Structures are given as structure tokens and as C-alpha cells.
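Working notes, beginning with the structure itself.
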Amino acid sequence: MFVITLKDGVQKTFDDKVSVLDVAKSVSEGLARNACAGIQDGKLVDLRTMIDADCALTIVTFDNDEGKLAFRHTTSHIMAQAVKRLYKNAKLAIGPSIESGYYYDFDVETPFTQEELEAIETEMKKIVKEKLDIEKFELPRAEAIKLMEEQGEPYKVILIQDLPEDAVISFYKQGEFIDLCAGPHLLNTKDVKAFKLTSVAGAYWRGNENNKMLQRIYGTSFTKASDLQEYLDRIEEAKKRDHRKLGKELGLFAILDEGPGFPFFLPNGMILKNVLLDYWRKIHKRAGYDEISTPIMLDKDLWIRSGHWEHYSENMYTSMIDEKEFAIKPMNCPGSILAYQLERHSYRDLPKRMAELGLVHRHEKSGALHGLMRVRCFTQDDGHLFLMHEQIKDEVKRIIDLIDSVYNMFGFKYHVELSTRPEDSMGSDEAWNHAIDALRESLEDRKLPFVINEGDGAFYGPKIDFHLEDCLGRTWQCGTIQLDFQLPEKFDLEYIGSDGERHQPVMIHRVVFGSVERFIGILIEHFAGQFPLWLSPVQVIVLPISEKYHDYTETVVKALDGHGVRVSADYRAEKIGYKIREARNQRIPFIVVVGEKEQEDNTVSVRSRENGDEGPVALEAFVERLKGELDVNSLFKE
RNA sequence: GCUGGAGUAGCUCAGUUGGUAGAGCAACUGAUUCGUAAUCAGUAGGUCAGGGGUUCAAAUCCCCUCUUUAGCUCCA
């Protein structure tokens with residue numbers, strides 16, 4: 001006799017061993033029908049797993065992440081089975097489920113085409129219709145290798161050989177298809193109701209660019225066709241919002257063949273950028289930062305001293321000046337350090353907060369470039385802080401609050417990750433652990449949940465990364481807070497303590513936007529080009545009905561312009577519908593139509609982006625309304 | 001950088017099996033002076049990304065380079 005404790009605390013007693021599925025059935029038929037897997041004492045298990053002892057058990061369905069994992073993993077096996085049926089010589093590599101679906105890597109002679117993908121999908125549908133039972137079995141190592149050799153799957157053999165000696169080697173079998181797999185999986189192929197193969201791309205065996213490139217097919221699957229459609233619609237929506245498309249349409253930026261990865265900011269984009277920077281300067285001034293600017297290009301010896309040359313030179317551009325080598329900065333820290341060293345610092349002046357909107361250049365691989373999101377030249381909204389050890393936690397918390405206030409301003413949700421020491425790094429383990437602890441404690445004090453990102457820190461120190469989530473649920477890494485004991489050491493930084501002695505300060509590197517360019521790209525997609533009023537490059541456009549009202553149009557423009565509203569007018573001899581259409585396509589928040597009535601009554605007819613035609617309103621009242629919505633102090637308050 | 005896709009007028013795109021380039025919008029000119037998502041007519045605009053090759057003939061076939069794109073790798 002044993003007791004199984006379910007998720008809601010309910011305990012069930014069984015006399016004989018039971019499967020997870022049976023436990024689900026004992027709760028309800030509905031749960032059994034929807035169940036995808038189980039979590040037994042924190043471990044993800046099959047529905048077919050037999051239980052014969054006390055344990056905690058949660059039954060998971062597609063609504064849980066773990067259930068999705070099992071469901072999609074099974075879909076990936078169905079895909080692999082279909083591929084094997086259509087391509088006898090295809091070799092299987094790996095095929096896991098991922099956040100939005102699943103993939104499987106195949107070694108095939110020629111890459112799959114779109115048409116072939118459709119044929120594979122058709123075959124998958126057949127497999128689902130065949131209602132194949134999915135069975136699990138385990139084999140000892142030698143037999144497992146033998147089986148995979150017989151099946152002609154060299155990659156699977158390698159995978160087994162790399163498993164620990166004591167590992168249980170499990171396989172799943174559906175019809176004629178057998179795959180090495182830890183599971184869990186559904187019980188039958190019939191349950192995979194709605195799926196789609198989304199794309200095909202090359203991917204290196206084991207993610208190493210020195211290995212052979214395999215062909216990876218991506219797909220997604222759902223329990224309901226309507227959910228699949230919703231997902232596909234969301235992808236379509238994301239395409240419509242693509243910042244590269246909107247950037248062109250709205251005249252924000254351009255990236256030309258003459259400068260791959262080097263964006264041009266066009267007039268509207270420049271306004272947007274400057275508004276963001278104005279905002280940034282205001283909040284940083286208030287947070288106690290002093291803004292500086294350091295050179296784009298500095299002596300190579302500086303970069304050798306800072307360690308950048310050793311750890312980052314692959315990404316650095318260089319140039320010769322009078323037979324001396326200079327490097328174009330990929331980061332702003334060495335410049336800030338030189339600025340810090342220009343004067344003596346007392347403990348009374350710490351933390352010393354230096355801010356810099358630094359233009360950095362990094363040689364990114366050509367294949368990595370992507371609109372404004374990944375460029376070779378960008379502006380970091382950098383901050384370098386020099387402080388005493390005992391100030392670390394307080395200061396980190398202040399920065400967390402600053403970043404939090406900025407992301408809230410734009411309506412972003414976010415999560416944080418704590419990245420630890422990478423392989424290519426400098427400094428002692430002790431210093432690293434101390435720094436990691438300080439960051440962890442700050443996060444805990446702020447009650448911010450975080451995940452650990454093992455080995456993803458910068459080469460000079462660990463970091464907190466802020467991943468913000470846009471309105472389509474996509475995440476972007478933007479802000480980071482990096483703690484650094486290495487550069488102060490390398491540059492012999494010091495301050496005079498209360499004891500009159502020299503001490504070494506700690507350094508914090510931090511960004512809020514991350515990259516101004518990337519942040520703008522994210523904003524474009526987040527708002528689908530419909531920026532909030534304060535960010536809109538053009539806030540109001542005035543449209544005269546005809547030439548007769550040009551004078552009054554000018555009056556309206558002047559009235560608005562006089563209050564700092566970014567206003568333009570369309571004096572072309574076009575019909576009003578035409579001008580409205582263009583203004584709407586430009587996502588201008590307020591369209592103001594003026595004609596005979598408005599001129600006589602000193603009013604404007606307002607058409608807002610959100611509500612459409614709002615009818616006439618006194619010009620003064622409209623000015624007051626905009627003044628209210630644009631009140632800088634209300635925008636920038638905590 | 002790697003693998004696949006793509007590059008035709010300012011933009012969005014057509015262009016059959018190789019036979020010598022086209023539409024809509026935008027621009028320009030003229031007319032229209034108009035009330036809430038496209039007024040009409042006309043004009044101009046392209047070494048078909050660049051270079052090389054095959055051919056009587058190349059936007060179309062082949063090779064190289066550049067750019068771009070989906071991913072991989074890397075990353076703010």
C-alpha cells in the first residue's frame with residue numbers, strides 16, 4: 001500500500017502499482033484525456049510510468065509548460081518518422097521541443113525545400129491517422145548501441161556513447177519508427193491534432209560551427225486547430241510590426257548596402273531618438289549621474305591593459321594613426337576609467353556615477369546582423385560607477401529601481417537573469433563569487449525572481465540581465481548591471497578612505513536601454529509604429545480642406561508649435577480623405593482638419609488615432625489638452 | 001563566418017520553355033479647391049545588385065563578389 005499526493009494536496013491510496021495515466025483516471029476522465037505527462041517528485045515522467053511507492057505527483061496537460069514539452073516532443077518524433085519514410089537515407093540527430101514548438105535535425109544530402117516540407121506534413125497527418133501506440137523500452141548500453149547501428153543512425157550511436165556509464169538508455173517506438181529518447185511522450189500519435197512545419201534551416205551538429213551542418217526542420221503543434229491558427233496569426237502580426245518594414249514606411253531609419261550594420265537615422269527617427277535621450281538624460285541627472293563623453297578611438301595599449309585586446313579583439317576595429325595602432329571602442333569602460341583617474345577621489349564622493357551615451361563599434365559576423373536589433377555600430381546608454389564595497393548592494397538596488405521605472409514607462413514586463421563566470425574570463429574565483437553573491441543578494445532584497453544563467457557573464461565580471469517582454473510575448477535582453485573587480489585592479493583605481501589610506505573602488509557597468517538602437521527597434525515593434533504621444537515624431541498634423549484655409553492652418557500650427565507640440569501641416573491640393581489616409585498611415589496621433597466652419601468658430605476638428613473623428617473643439621481647448629498630455633513633469637515622475 | 005532562400009523603377013511586386021522589361025503607388029506637369037482612409041489626365045523614371053562565362057541572343061543558364069533574409073554560431 002502506498003500514498004500518492006496530488007497537486008492540490010489530495011492523497012490517494014493504492015494497493016498495487018499504478019501508471020500515471022491510471023492516477024489521472026482516478027481523478028477524472030477529463031484529466032486523463034488531456035494529460036500529457038506527469039511530474040513525480042519534481043521529475044517529469046511518462047503517463048506510462050508505473051508508480052509503486054509514496055510520492056508527490058502532478059498530472060500535466062498541454063496547458064502546462066511540461067505538458068507542452070511532452071506533446072511537442074512527440075510531434076517532433078512524428079515528424080522524424082515521416083522524414084524517415086520519405087527519405088530512407090536521412091540520419092537522425094536530435095529533436096527536442098522548444099519554447100514555441102519543436103525541431104528535429106537531420107543529416108540529408110540536399111536541404112529540404114518548401115514543397116518537401118509540405119509533403120512531410122502530409123505524411124505526418126497519415127501517421128496521426130494511423131493511431132500508432134507509442135511504446136517505451138530500455139536497453140543496456142551495448143545493446144542500445146547495437147540497435148542504433150543496425151538502424152543506421154550514427155549520430156544516435158555517438159549520443160549513447162556520450163551518456164554517463166550508469167545512464168538508463170530508453171527508446172520510444174511508434175510503428176516502424178524507433179528513436180533514442182529520454183521522453184516523456186504521449187501514448188499514441190492520434191493525440192497530435194494540430195501541427196505545422198514552419199521553417200527549415202541549417203544547424204551545426206551539437207551547435208559547434210566546426211561540425212557538419214545538418215538540416216533542421218522547425219514546427220509547432222497544439223491540441224486544437226484554433227490555437228494553432230492563433231499562433232500563426234501572431235507570427236503574421238509580428239511580421240506586420242517588423243521594425244525594418246515600419247522603419248522604412250515611417251521614415252525612421254535606413255541601413256544601406258554602403259554600410260552593412262551601420263544604421264542611418266532619418267529625420268523622424270532622429271526625433272524619436274532625441275526624445276528618448278532627453279528622457280534618459282533627465283532621469284540620470286536626477287539619479288545622480290554626471291554625463292561625460294569619451295573618444296571613439298583610443299590607443300591600442302589601453303585596450304591591451306584593459307584586457308579587451310585579449311578577450312574581445314575579434315570584434316574590434318582598428319586603425320593606424322602616424323604608424324601607431326588605435327582601436328575603435330567596442331565598450332566605453334576604459335574611457336570612463338581614464339576620466340575617473342583624472343582626479344583624486346575621496347570616499348565622501350562615492351559612489352561616483354558617470355554616464356555616457358557612447359557610440360561603440362563591434363565587428364559582428366555578417367550573418368548576425370538584423371535591422372536595428374543587431375548592428376555593428378550602436379549607442380550604449382552606459383553608466384560606470386565607482387564605489388566602495390559596502391555600497392554595492394545599495395547601489396545595485398538603486399539601479400534596479402531605475403531600470404524598473406524606465407521599463408514601466410513603456411509598458412514592458414520583464415524578467416531578470418543572473419549570469420555567472422564564463423570560461424574566457426579574468427580574475428580570481430574568490431572575487432567572482434563575492435561579486436555574484438552581491439548581485440544575488442540585491443535581487444533577493446528587491447524580491448525580484450531570477451534565473452541563473454551559468455557561464456554567461458562578461459569576461460570581467462558577473463551580471464544581472466534584464467529581459468523585457470513586448471506585447472507579443474517576445475523577450476529582448478536590454479538592461480544589464482555588471483559588477484567588476486578586475487578593471488579597478490588592472491588600472492590601479494583608487495580613492496582615499498576615511499582612514500586617509502588609498503583603497504581600490506569597485507566598478508559597476510550598467511545600461512538601461514542597452515543599445516539605444518535596439519531599444520528603438522523594440523519600441524517600434526512593441527507599439528507597431530503607434531508611439532505614445534510623447535514619443536511620436538509628429539504629434540499633430542493639420543489638414544486644410546482647401547487652399548482657402550491655409551492662413552488659418554498656419555494659425556493653428558503656430559499655436560501648437562508655440563507650446564512645444566511637434567506639428568506639421570499638409571498644404572497639398574489633395575482631397576481631405578487622401579491626406580487623412582496618408583496621415584493615418586504615418587500613425588500620427590492627432591489629425592486636425594480645418595475648413596470653413598473651423599476658421600469661423602476658431603475651432604479644430606480633431607481626429608485621434610485611437611477614437612477616430614472626435615468632432616470640433618475650440619483651438620484653445622485642444623492646445624490645453626495636448627499640454628496636459630505632454631506635461632514633461634508628469635511623464636517623468638517616479 | 002556557415003547552410004538554404006532572395007536581389008527587376010523611389011516603394012510593393014509581375015516577367016512563360018533564353019528572343020532584348022511591365023503594373024500599381026510615389027515623383028513631376030497640368031486641371032480640380034474638395035468635409036474625415038486613395039480626384040482626373042499626362043510626363044518622366046530601370047547597364048534587371050556588380051563582375052565574368054555559355055549562346056546568334058541572358059533579367060532568365062553557369063561561376064565569383066556584394067547586399068539581404070530564415071536559422072546556426074555569437075551577442076547590447
Side-chain angles (χ1 to χ4, degrees), chain A residues 103 105 108 110-114 116-117 198-218 242 244-245 248-249 254-261 312 314-315 330-332 358 360 362-382 419 456 458 463 465-467 476-480 482 509-519 521-522 543-550 571-586 591-598 605-608 612-616:
Chain A
Y103 68 78
D105 287 347
V108 285
T110 50
F112 299 106
T113 62
Q114 193 55 44
E116 288 176 282
L117 237 54
T198 47
S199 64
V200 59
Y204 301 106
W205 164 239
R206 303 206 136 171
N208 185 325
E209 60 186 319
N210 298 316
N211 289 343
K212 182 167 185 182
M213 183 163 273
L214 309 173
Q215 290 304 314
R216 174 172 298 177
I217 302 180
Y218 285 91
D242 192 312
R244 294 167 296 187
K245 178 172 170 283
K248 193 184 268 183
E249 286 173 14
I255 299 176
L256 308 179
D257 285 2
E258 288 81 352
Y312 208 72
E314 271 184 20
N315 290 294
M331 300 184 196
N332 303 301
V360 297
R362 299 181 181 178
H363 180 72
E364 298 294 344
K365 289 179 179 172
S366 57
L369 302 178
H370 180 93
L372 289 180
M373 304 300 195
R374 195 74 187 278
V375 292
R376 284 178 172 156
C377 155
F378 60 99
T379 311
Q380 284 185 309
D381 63 317
D382 227 331
S419 294
D456 206 36
K463 57 181 182 172
D465 291 326
F466 289 74
H467 296 253
W476 306 92
Q477 197 207 306
C478 291
T480 88
Q482 309 180 348
H509 311 243
R510 44 107 286 176
V511 288
V512 181
F513 294 146
S515 142
V516 176
E517 285 74 5
R518 176 183 285 182
F519 199 78
I522 295 167
L543 309 181
I545 297 283
S546 82
E547 209 174 325
K548 288 182 250 172
Y549 316 111
H550 281 193
Y571 291 109
R572 291 176 304 173
E574 295 289 351
K575 292 174 109 170
I576 197 69
Y578 180 86
K579 295 194 210 178
I580 287 172
R581 182 183 149 80
E582 282 206 348
R584 280 194 57 92
N585 286 341
Q586 287 296 305
I591 296 168
V592 159
V593 176
V594 295
E596 190 176 359
K597 283 185 306 212
E598 289 78 7
S605 282
V606 177
R607 185 186 232 283
S608 74
D613 193 352
E614 294 182 2

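Here the structure is a predicted model, which is why all the values come from computation and not from measurement.
A salt bridge between E582(A) and R572(A) is present, with a side-chain N of the basic residue lying under 4.0 Å from a carboxylate O of the acidic one.
Between the C1' atoms of rU60(B) and rU54(B), the separation comes to 13 Å (whole Å). A distance of about 15 Å separates the P atoms of rC25(B) and rU43(B), rounded to the whole Å. Taking atom C1' on both rC48(B) and rU67(B), the two are 16 Å apart, rounded to the nearest angstrom. A gap of 30 Å separates the P atoms of rG52(B) and rC13(B), to the nearest Å. Using atom C1' as the reference point in both rA14(B) and rA6(B), the two lie 16 Å apart (nearest Å). Rounded to whole Å, the separation between the C1' atoms of rA9(B) and rA44(B) comes to 11 Å. Comparing rA49(B) with rA58(B), their P atoms sit 15 Å apart, to the nearest whole Å. Spacing between rA23(B) and rG15(B) at atom P, rounded to whole Å, works out to 15 Å.
Residue P111(A) places its side chain closer to rG4(B) than to any other of rU68(B), rG4(B), rU32(B). For M213(A), the side-chain atoms get nearest to rG71(B) when compared with the rest of rG35(B), rC75(B), rG71(B).
Checked against ring-ring contact (aromatic ring centres under 6.0 Å, His included), F378(A) has no partners two or more places apart in sequence or in another chain.
Contact check, Y218(A) against rC72(B): a side-chain N or O comes under 4.0 Å of OP1 or OP2. Contact between the side-chain N/O atoms of R581(A) and the OP1/OP2 oxygens of rC25(B) is not found at any separation under 4.0 Å. Between K579(A) and rC34(B), a side-chain N or O to OP1/OP2 separation shorter than 4.0 Å is absent.
Interface remark: the R216(A) side chain does not form any donor-acceptor pair with the rC72(B) base, using a distance-only criterion of under 3.5 Å. Residue-to-nucleotide contacts include no donor-acceptor pair under 3.5 Å from the side chain of Q215(A) to the base of rG71(B). No N or O donor and acceptor, one from the side chain of S546(A) and one from the base of rG35(B), sit under 3.5 Å apart.
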Practice item. Could you please spell out the steps behind the salt bridge (Lys or Arg N to Asp or Glu O under 4.0 Å) verdict for D105(A) and R216(A)? Key: CA-CA 4 Å; D105(A) 287 347; R216(A) 174 172 298 177; 2.6 Å; yes

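Nucleic acid contact for N315(A): none, since no nucleic acid atom lies under 4.0 Å from a heavy atom of the residue.
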Extract from the structure each pairing of a protein N or O with an N or O of nucleotides 49-51 of chain B at less than 3.5 Å, listing the distance.
none

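Both geometric conditions, a ring-centre gap below 5.5 Å and a plane tilt below 30°, are not fulfilled together for Y578(A) over the base of rA37(B).
Annotation: the span from L372(A) atom CG to R244(A) atom CZ amounts to 10.0 Å, rounded to 0.5 Å. The CD1 atom of I591(A) sits 12.0 Å away from atom CZ of R581(A), with the distance rounded to the nearest 0.5 Å.
Rounded to an integer number of Å, the gap from CD1 of I580(A) to C1' of rC34(B) is 12 Å.
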